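As the structure is a prediction and not an experimental result, all values here were calculated from the model. Nothing fancy with the numbering, it's 1 onward along the sequence.
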Amino acid sequence: MASFFPRSTFRTISAFSKAAPWCKSPVSAPLAQPLVRRFLSTAQEQPRLRLGATAPNFKALTTQGEIDFHQWIGDSWAILFSHPADFTPVCTTELGAFAKLKDEFEKRGVKMIGLSANDIGSHGEWIKDINEVTGSNVQFPIIADADRKVAWLYDMIDESELVNLAEKGIAFTIRSVFIIDPAKKIRLTMSYPASTGRNSAEVLRVIDSLQTADKKGIATPINWQVGEDVIVPPSVSTEDAKKKFGEVRELKPYLRYTKY
């Protein structure tokens, strides 16, 4: 049975000593110098990452070399997902789950890239643990963000960490997911508390919904899955919808279903 205990050769992370139990990493590679206040000085400096906004570009070192984020995305869709730290339990299960969905994301033209607030050396050792524990094969790059520059750029910093930055010395990174389309526009954001692991199947479902909506000009109802009926948008008349889709099932003038 695979061991869940991290390697003893990595030194203790004192920066996380006050973090919640599920995010404490008893051992890990050394962290970079604390994020200084020049990155966190005023609220006005915080990027506004609204849906439809262009995803901020950046250059960073990853487990697959240095990248320019927009160039790396190219003509694909992309998923950027952040993690508080290497060698932490919830993060380990998450990366393994996403790695197992590699083929499904590739079918949809989606690239995955992770981010964790440690250096490259730590990432490389952590990937070995992820593969061992989850039976996966992590092949997507993981950004080294020990200085929290990308975390700050994408608003991945916990509010309490900003308030207590002087005391703790380094900002804690939350779990966030960004779905970005080929035009480099942010199409979805999700943020999770440190105690809650994400649902990789839901991320895949959202990709299906967004891509279907873009191609077919429809909307999708709650819990929608590929192959189920879709919704005719209010901007399309019933007459035009019948011409485009064929049968339209009208429950209310504003709620109409069709097949695609």
Will you find, in the side chains of Thr134 and Lys100, an N or O donor that is under 3.5 Å from an N or O acceptor? no
Any donor and acceptor pair, going by atom type alone, linking the side chain of Arg148 with main-chain N or O of Ala146 inside 3.5 Å? yes
Is atom CD of Glu247 surrounded by more than 12 heavy atoms (other residues, nucleotides or ligands) closer than 6.0 Å? no
Do Ser122 and Asp119 have side-chain atoms, one donor and one acceptor, less than 3.5 Å apart? no
same_hphob_cluster(Phe140, Ile79) at 4.5 Å side-chain heavy-atom cutoff: yes
Closest non-hydrogen atom pair, Lys252 against Arg256: O-CG, 3.8 Å
side-chain contact (heavy atoms from CB on, under 4.5 Å) assessment of Thr54 paired with Lys185: CA-CA 4 Å; Thr54 299; Lys185 301 298 183 183; 2.9 Å; yes
Pair Lys107-Asp208, salt bridge (charged side-chain N to carboxylate O under 4.0 Å, His left out): steps then yes or no: CA-CA 11 Å; Lys107 287 178 187 177; Asp208 286 334; over 6 Å; no
Rounded to the nearest 0.5 Å, what separation is found between the CZ atom of Arg198 and the CZ atom of Phe81? 7.0 Å
Is Glu106 salt-bridged to Lys102, going by a charged N under 4.0 Å from an acidic O? yes
All heavy atoms of Ile120 vs all of Ile142, minimum pair found to be CD1-O, 4.4 Å
Which class fits the ring pair Trp126 and Phe87: parallel under 30°, tilted 30 to 60°, perpendicular over 60°? tilted
Thr88 side-chain N/O to Ala85 backbone N/O, donor-acceptor pair under 3.5 Å: yes
Look only at the side chain of Glu250 and the backbone of Tyr257, and say whether a donor-acceptor pair between them is shorter than 3.5 Å. no
Could you tell me whether Lys111 sits above the aromatic face of Trp77, with NZ or CZ closer than 6.0 angstrom to the six-membered ring centre and within 45 degrees of the axis? no
Shortest non-hydrogen separation from Ser200 to Ala97 and the atoms involved: OG-CB, 4.0 Å
Evaluation steps, side-chain contact (heavy atoms from CB on, under 4.5 Å), between Phe58 and Asp68: CA-CA 6 Å; Phe58 58 85; Asp68 176 290; over 6 Å; no
Go through the steps for Thr212 and Leu210 under the test side-chain contact (heavy atoms from CB on, under 4.5 Å), then give the verdict. CA-CA 6 Å; Thr212 301; Leu210 290 170; over 6 Å; no
Where Asn137 and Asn131 come nearest, the two heavy atoms and their spacing: CA-OD1, 3.4 Å
Would you say the side-chain atoms of Ser176 pair up with the backbone N or O of Met156, donor to acceptor, closer than 3.5 Å? no
For the residue pair Thr62 and Trp72, confirm or rule out a side-chain donor-acceptor distance under 3.5 Å. no
Under 3.5 Å: donor-acceptor pair, side chain of Arg205, backbone of Trp224: yes
Could you go through the side-chain contact (heavy atoms from CB on, under 4.5 Å) check for Thr220 and Ile231 one step at a time? CA-CA 6 Å; Thr220 58; Ile231 289 175; over 6 Å; no
Is any side-chain heavy atom of Lys244 closer than 4.5 Å to one of Thr258? no
Glu239 atom CD, neighbour heavy-atom count above 12 within 6.0 Å: no
For Tyr192, does the six-membered ring have the charged nitrogen or CZ of Arg175 within the cation-pi criterion, i.e. under 6.0 angstrom from the centroid and within 45° of the normal? no
Quick check for you: to the nearest 0.5 Å, what is the distance between Asp129 atom CG and Thr92 atom OG1? 6.5 Å
Start with the C-alpha gap between Lys128 and Glu132, add the side-chain angles, then the distance that decides, and say whether salt bridge (charged side-chain N to carboxylate O under 4.0 Å, His left out) holds. CA-CA 6 Å; Lys128 295 177 184 178; Glu132 176 188 351; over 6 Å; no
Flag yes if Leu51 and Ile73 sit in one hydrophobic cluster, no otherwise; membership is Ile, Leu, Val, Met, Phe, Trp, Tyr, and two members link when side-chain heavy atoms are under 4.5 Å apart. yes
Minimum-distance pair of heavy atoms, taken over all atoms of Leu153 and Leu49: O-CD1, 3.8 Å
Using distance alone, with no hydrogens and no angle criterion, decide if His123 and Asn118 have a side-chain donor and acceptor under 3.5 Å apart. no
For His70 and Ala55, indicate whether the former's side chain and the latter's backbone hold a donor-acceptor pair under 3.5 Å. yes
Ignoring hydrogens and angles, tell me if any N or O in the side chain of Lys184 forms a donor-acceptor pair with the backbone of Phe69 under 3.5 Å. no
Please name the pair of heavy atoms, one in Asp229 and one in Pro221, separated by the smallest distance, quoted to 0.1 Å. O-CD, 3.8 Å
For Tyr154 and Phe178: C-alpha separation, side-chain torsions, deciding distance, then whether ring-ring contact (aromatic ring centres under 6.0 Å, His included) applies. CA-CA 9 Å; Tyr154 275 78; Phe178 296 87; 5.1 Å; yes
With hydrophobic residues grouped by side-chain heavy-atom distances under 4.5 Å, do Val138 and Leu61 end up in a single group? no
Rounded to the nearest 0.5 angstrom, the OG-CD1 distance for Ser136 and Ile130 is 7.0 Å
